[in-house]
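Before any comments, here is the structure.
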Amino acid sequence: MRDALEINGRRLAARLESLGEIGALPGGGVCRLALSEEDRQGRERVLAWMRELGLEVSVDAMGNLFGLRPGLEAVPPVMTGSHIDTVRTGGLYDGNLGVLAGLEVVETLNDAGITTRRPLCVAAFTNEEGARFAPDMMGSLVYVGGMPLEEALATRGIDGERVGDCLEAIGARGDAPVGAPSVHAFVELHVEQGPVLEESGVTIGAVEKVQGISWTEFTFTGTSNHAGTTPMRLRHDAGYAAMATATFVRELVTRIGGDQVGTVGSLEIAPNLVNVVANHARFTVDLRNTCNQRLQQAEEELADFVERLAVQEGIQVEHRTLARFDPVPFDAAMVDRVEASARALGHSVMRMPSGAGHDAQMLARVCPTSMIFVPSVGGISHNINEFTAFHDVEAGANVLLQVLLDLSE
Ligand code: HGY
Ligand code: MN
Ligand code: MN
């Protein structure tokens, strides 16, 4: 049963293309920000596919989508899935591959007339990206009970909108409960979004852990003043302070080295005029490391720098944590399963950490979890040119099929 069984790669590729039409950007890529109109359309398309495949569909109070394929026994399901929301300059594969490969596994089993002992469930979690509403992985975090639903619903995004209002506006707030999931195991297929597999010439990544994530938003308030008449000694320049902090972040992560990374990805200054010293700056710092102790060191040094800068520049500083997740190790036996299934199918495979955050790191709080990576061409993602070769998509989905069959027997 298992050896002969293979997913239909063309069908999976067609669904990736079809979903990619929703929120398609003129020059390629996808913009489907969480709880946007595009997200609503994407949800509708995935729900329609779930129903066509005969799945029992449910939506929870956080808008997480679930398609359940009953098994021979009414026991906790084996779950797979990911997310279909994207960043502003997203690609076809980030998140979407994990959801659509799950549906492809279901259709392959339907075609073969196979009913697994355990039920199978395909999930699409709300707001994994965190690009509009922080933190990232919000939907899966609420699903596993890591964030109170009311707190999530009250969260305001970068546009000032509330999660709860946006869920209602797109009709995505379901009535299934959140916070006490009953899942036997969780496996997520995802593109690597980095260069490691491609540079190593390896097809499959057996993901051992997800690195720690620290997102902070800083708001600097200085004094707007004339760019020509104000002597440097009298300036309280919020714009300079923000850019000095961005430069410090680069110096800090370079000095710490190893897996440490740091990004100032969003920055606004006001009044943003050529001849006015800026009195306002708001920006974010994304720090990550596989080692929590090093990540804490980076956070502490950044805080010290900003404190000294505030005194030196005579500016006010506010900061708030947008996301903070420790590194998450995956279940060793589950990682073994991914590695063994890849080898059994004749694919090259390597163990590796994940540089990106994923819903799997939240499911790991409640059940044995692992991830399957496939290569990202050029190692790029969160970029409209994100691409994974068809044969790698097919390989990843076939490994997912085998691992899910393994777990659901
Ligand atoms: O930021 C991340 O790592 C993920 O894309 N949410
Ligand atoms: Mn993702
Ligand atoms: Mn992403």
Side-chain angles (χ1 to χ4, degrees), residues 16 19-20 23 29-35 39 42 46 64 80-102 123-142 146-147 155 157-158 186-194 196 205 207 209-217 259-266 284-290 295 321-328 352-364 369 371-376 379-388 393 396:
L16 282 164
L19 187 55
V30 181
C31 175
R32 211 166 40 237
L33 288 176
L35 306 183
D39 190 19
V46 167
N64 297 313
T80 188
S82 190
H83 61 96
I84 63 166
D85 65 302
T86 75
V87 295
R88 270 206 193 103
T89 55
L92 288 187
Y93 305 90
D94 177 358
N96 305 308
L97 176 60
V99 174
L100 299 183
F125 292 105
T126 296
N127 185 32
E128 186 278 345
E129 292 293 356
R132 182 183 181 195
F133 304 102
D136 51 351
M137 291 77 72
M138 184 188 277
S140 48
L141 181 62
V142 170
M147 179 183 205
T155 300
I158 55 175
F186 182 80
V187 190
E188 180 173 0
L189 171 61
H190 204 289
V191 289
E192 178 203 334
Q193 302 181 284
V196 174
V207 184
K209 68 176 181 180
V210 175
Q211 70 176 344
I213 301 176
S214 163
W215 288 0
T216 307
E217 178 193 77
D259 291 336
Q260 185 63 51
V261 292
T263 312
V264 173
S266 72
T284 55
V285 179
D286 177 326
L287 296 171
R288 306 198 197 194
N289 199 314
T290 51
L295 183 55
T321 299
L322 298 179
R324 182 58 171 93
F325 300 118
D326 289 354
V328 176
M352 60 192 294
S354 172
H358 298 287
D359 294 310
Q361 73 187 84
M362 302 309 173
L363 273 290
T369 294
M371 292 187 76
I372 304 162
F373 272 176
V374 287
S376 293
I380 61 170
S381 181
H382 287 188
N383 177 313
I384 63 170
N385 298 313
E386 177 186 273
F387 182 72
T388 292
V393 164

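One is the number of the first residue; the rest follow in order along the sequence. We count ligands from 1, going down the list as the structure has it; atoms in each ligand are counted the same way.
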Worksheet entry | Any N127 side-chain heavy atom under 4.5 Å of L35 side chain | no
Discussion item. Do L33 and R88 have side chains that approach each other closer than 4.5 Å (heavy atoms only, starting at C-beta)?
Written reply: yes
Discussion item. One pair to check against side-chain contact (heavy atoms from CB on, under 4.5 Å): Q361 and D326. What are the steps and the verdict?
Written reply: CA-CA 10 Å; Q361 73 187 84; D326 289 354; over 6 Å; no
Worksheet item: Of all the N, O or S atoms in H190, which one sits nearest to the Mn ion (ligand 2)?
Response: NE2
Worksheet entry | Protein N, O or S within less than 2.8 Å of the Mn ion (ligand 3), waters excluded | D94 OD2, E129 OE1, E129 OE2, H382 NE2
Worksheet, complete the sentence: Exactly one candidate in T126, V210, I213 meets side-chain contact (heavy atoms from CB on, under 4.5 Å) with M137; the answer is I213
Worksheet item: Can you name the one residue among R32, H190, H83 that meets side chain to side chain donor-acceptor pair (under 3.5 Å) with N96?
Response: R32
Fill in: Donor-acceptor pair between N289 and Q260 side chains, under 3.5 angstrom
yes
Worksheet item: Looking just at side-chain N and O atoms, do E188 and S82 make a donor-acceptor pair shorter than 3.5 Å?
Response: yes
Item to complete: Under the ring pair (Phe, Tyr, Trp, His ring centres under 6.0 Å) rule, what do F373 and H358 come out as? Steps first, then yes or no, please.
Response: CA-CA 12 Å; F373 272 176; H358 298 287; 5.7 Å; yes
Discussion item. Using the rule given for side-chain contact (heavy atoms from CB on, under 4.5 Å), can you reason through T369 versus V187, listing the C-alpha separation, both sets of side-chain angles and the distance that settles it, and then say yes or no?
Written reply: CA-CA 6 Å; T369 294; V187 190; over 6 Å; no
Worksheet entry | Within the protein, residues bringing a heavy atom under 4.0 Å of ligand 1, chain by chain | E128, E129, D136, W215, R288, A356, G357, H382
Discussion item. Could you tell me if the side chain of T284 sits less than 4.5 Å from the side chain of T216, heavy atoms only?
Written reply: no
